[in-house]
Amino acid sequence: MVTLADVARHAGVSASTVSYVLSGKRSISAPTRERIQHSIDTLGYRPHAGARALASSRTDVLALMMPLRTGLYVPVMMEIAMSVTTTARSHGYDVLLLTGEEGPEAVRRVEGSAIADAMIVMDVGLDDPRLPCLQEAERPAVLIGLPTETAEAADTAGLDCVDLDFESAGARCVEHLAGLGHTGVAVLGEPPAVYERGTGFAARTLTGLRAAAATHGVGLLHRPVDGTYAAVAAAVTRVFEERPGTTALVVQNEAAVEPLLALLRHQGRAVPEDVSVVAICPDQVAVHASVPLTAVAVPAREMGRRAVERLVGRLAGEAPRGTELIPPLLTARASTGPAPSGPASTAGSALPGPRVSVSAPTEDRRGRGGH
């Protein structure tokens with residue numbers, strides 16, 4: 001194993017000079033720095049992480065707080081985590097993943113033990129209990145999510161946030177369906193636990209859905225639902241019983257997508273001839289569904305990348321940038337079409353068996369994104 005002393009001998013300098021070059025604590029002439037760096041590269045020297053942290057008061061580690069709570073769609077969370085990890089490595093940082101539901105205690109642990117230089121916080125709730133600790137901490141933090149109803153409120157609180165503009169995403173779904181003539185829309189939302197703990201993205205989506213429905217004269221029914229076939233079947237059955245004029249569904253629950261499409265086939269409701277379906281989900285879920293879904297994409301990788309880049313900037317001395325909401329992009333695919341002339345509850349009722357729709361090629365109807 002190559003040591004610091006080996007580098008010093010190879011470069012013809014003292015061990016302390018090598019240490020100063022590595023820590024940056026003293027100014028060393030350019031020729032000497034270059035000679036030492038050449039020796040480091042030649043010998044393959046790798047400074048001990050613990051010793052480097054002691055010397056510089058930096059760990060080159062970012063803490064990612066990703067509590068794996070009930071009702072979350074883990075594949076999306078992991079996609080964000082992978083983006084955080086790869087982006088961090090491109091900037092020379094490793095990532096410490098914290099998945100426990102520790103709340104404020106996790107923030108205190110990172111701050112008190114100096115195990116990381118900065119924090120990225122996920123699964124952010126409205127009035128998140130971690131906020132006071134984050135605002136008092138010396139280490140910078142970026143939230144993937146919005147802990148307030150509006151971006152302006154987050155900026156006033158001095159928070160650094162990155163997220164999809166979920167309020168506009170909800171509105172965009174209703175606008176798309178209203179433009180196709182749909183006046184009765186039901187929303188299959190996240191599992192009940194997500195709303196009960198006040199998760200920000202779900203609440204903001206519902207705000208956007210309701211506002212756009214009121215603007216466009218669309219009747220809107222919202223039902224939280226677990227992602228199982230039985231739960232989806234029970235929710236959809238109630239929807240069509242309560243609102244027989246429902247001709248479109250908005251789904252903000254990735255786990256419910258395939259159970260929903262299977263249920264509609266079983267009931268003889270063709271998509272989109274009898275019922276249109278719009279989702280808020282990652283593109284890979286929408287594209288690979290049994291009927292390619294018109295959807296607002298959840299840009300998981302982009303959110304992770306932007307959060308890391310903000311945090312790296314903060315560690316370099318930049319001021320907080322406030323809130324950045326990524327505009328929603330809706331892509332029209334095979335699952336939406338003009339509203340049928342008759343009530344959705346009677347669609348396919350005269351058929352001897354389930355009707356199966358023939359999906360149009362994905363590229364035939366590309367939607368315009370942004371809001």
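For the single chain, residues carry numbers from 1 onward in sequence order. Below, each value reflects all heavy atoms present in this structure, side chains not excepted, and no hydrogens, waters or symmetry copies.
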Colleague: Would you say Tyr195 and His222 are linked by a side-chain donor-acceptor pair, where the criterion is simply a distance under 3.5 Å?
Modeller: yes
Colleague: Quick one: closest heavy-atom pair of Val232 and Ala256, and the distance?
Modeller: CG2-CB, 3.8 Å
Colleague: Measure across Cys161 and Arg310 and return the closest heavy-atom pair with its distance rounded to 0.1 Å.
Modeller: O-NH1, 3.7 Å
Colleague: Are Pro282 and Val76 side-chain neighbours, meaning at least one heavy-atom pair lies under 4.5 Å?
Modeller: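 Yes. Closest side-chain heavy atoms under 4.5 Å.
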Colleague: State, to 0.1 Å, how close Val225 and Gly189 come at their nearest heavy-atom pair, and which atoms those are.
Modeller: CG1-O, 3.3 Å
Colleague: Just by modelled atom types, is the Ala118 backbone N or O under 3.5 Å from a matching donor or acceptor in the Arg139 side chain?
Modeller: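 Not a single qualifying donor-acceptor pair exists.
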Colleague: Show your reasoning for whether side chain to side chain contact (heavy atoms under 4.5 Å, CB included) applies to Ile80 and Ile144.
Modeller: CA-CA 9 Å; Ile80 295 174; Ile144 299 180; 3.7 Å; yes
Colleague: To the closest 0.5 Å, what do you measure between CG (Leu221) and CG (Leu188)?
Modeller: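 Reported value, rounded in 0.5 Å steps: 9.0 Å.
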Colleague: Would you compute the distance between atom CD1 of Ile115 and atom CZ of Arg109 and round it to the nearest 0.5 angstrom?
Modeller: 5.5 Å
Colleague: Judged by modelled atom types alone, do His176 and Thr336 share a side-chain donor-acceptor pair under 3.5 Å?
Modeller: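 The answer is yes; a qualifying pair exists.
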Colleague: Tell me yes or no: between the side chains of Arg69 and Thr199, is some donor less than 3.5 Å from an acceptor?
Modeller: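 No pair is found: no donor N or O on one side chain lies under 3.5 Å from an acceptor on the other.
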Colleague: Can you tell if the side chain of Arg301 reaches within under 4.5 Å of the side chain of Thr86, non-hydrogen atoms only?
Modeller: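 The answer is no, as the side chains (C-beta and beyond) never meet within the 4.5 Å cut-off.
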Colleague: Using a strict 4.0 Å threshold on nitrogen-to-oxygen distance, state whether Arg108 and Glu111 make a salt bridge.
Modeller: no
Colleague: If we ignore hydrogens and angles and just use 3.5 Å, is the side chain of Thr205 paired with the main-chain N or O of Glu167 as donor and acceptor?
Modeller: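 Side chain of Thr205 to backbone of Glu167: no pair is present.
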Colleague: For Asp127, I'd like to know if atom CG has over 12 heavy atoms of other residues, nucleotides or ligands within 6.0 Å.
Modeller: no
Colleague: Taking Thr207 for the side chain and Ala203 for the main chain, is one N or O donor matched with an acceptor at less than 3.5 Å?
Modeller: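 Checked: pair present.
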Colleague: Roughly how far, to the nearest 0.5 Å, is the CG atom of Leu64 from the CG atom of Asp94?
Modeller: 13.0 Å
Colleague: Would you call Val84 and Leu62 a side-chain contact if the rule is heavy atoms closer than 4.5 Å?
Modeller: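 Of all side-chain heavy-atom pairs linking Leu62 with Val84, none is under 4.5 Å.
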Colleague: Under the side chain to side chain contact (heavy atoms under 4.5 Å, CB included) criterion, do Val278 and Arg172 qualify, and how do the steps go?
Modeller: CA-CA 10 Å; Val278 179; Arg172 187 73 186 90; over 6 Å; no
Colleague: Phe166 and Gln252: which non-hydrogen atoms are nearest, and at how many Å?
Modeller: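 Minimum heavy-atom contact is CD2-NE2, 3.8 Å.
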Colleague: Determine, stepwise, if the pair Asp160 / Arg321 fulfils side chain to side chain contact (heavy atoms under 4.5 Å, CB included).
Modeller: CA-CA 6 Å; Asp160 223 341; Arg321 302 182 200 172; 4.0 Å; yes
Colleague: Side chains of Glu175 and Leu330: closer than 4.5 Å at any heavy-atom pair?
Modeller: no
Colleague: Where do His182 and Gly337 come nearest, in terms of heavy atoms and distance?
Modeller: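 Looking at all heavy atoms of both residues, the shortest contact is NE2-O, 2.8 Å.
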Colleague: Determine whether Met303 and Asp163 make a side-chain contact, defined as any pair of heavy atoms from C-beta on separated by less than 4.5 Å.
Modeller: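 In short, these two side chains touch, coming nearer than 4.5 Å.
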Colleague: When rounded to the nearest 0.5 angstrom, what distance separates CD in Gln284 from CD in Glu254?
Modeller: 9.0 Å
Colleague: With a 4.5 Å cut-off on side-chain heavy atoms, are Val194 and Pro224 touching?
Modeller: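 They are not in side-chain contact.
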Colleague: Is there a donor-acceptor contact under 3.5 Å from the side chain of Arg265 to the main chain of Arg269?
Modeller: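 Flag not set: sc Arg265 to bb Arg269 has no pair under 3.5 Å.
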Colleague: Kindly indicate whether the side chain of His91, heavy atoms from C-beta on, has any atom under 4.5 Å from the side chain of Leu311.
Modeller: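 No; the side chains remain at least 4.5 Å from each other.
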Colleague: Should Leu146 and Val124 count as side-chain neighbours, where that means a heavy-atom distance under 4.5 Å?
Modeller: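 Of all side-chain heavy-atom pairs linking Val124 with Leu146, none is under 4.5 Å.
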Colleague: Checking Val107 against Glu136 for the side chain to side chain contact (heavy atoms under 4.5 Å, CB included) test, could you report, in this order, the C-alpha distance in whole Å, the side-chain angles of both residues, the deciding distance, and whether it holds?
Modeller: CA-CA 10 Å; Val107 179; Glu136 295 171 2; over 6 Å; no
Colleague: Enter the distance from Leu68:CG to Leu97:CG here, rounded to the nearest 0.5 Å.
Modeller: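 Interatomic distance, Leu68 CG to Leu97 CG, rounded to 0.5 Å: 7.5 Å.
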Colleague: Return the minimal non-hydrogen interatomic distance between Ala11 and Arg35, and the atom names on each side.
Modeller: O-NE, 2.8 Å
Colleague: When rounded to the nearest 0.5 angstrom, what is the spacing between CD1 in Ile28 and CD1 in Ile36?
Modeller: 6.5 Å
Colleague: Salt bridge or not for Glu242 and Arg223, using N-O below 4.0 Å?
Modeller: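 Salt bridge flag = yes for Arg223 with Glu242.
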Colleague: Could you point out which residue of Val250, Val218, Val185, Ile280 forms a side-chain contact (heavy atoms from CB on, under 4.5 Å) with Leu209?
Modeller: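 For Leu209, the side-chain contact (heavy atoms from CB on, under 4.5 Å) check succeeds only for Val250.
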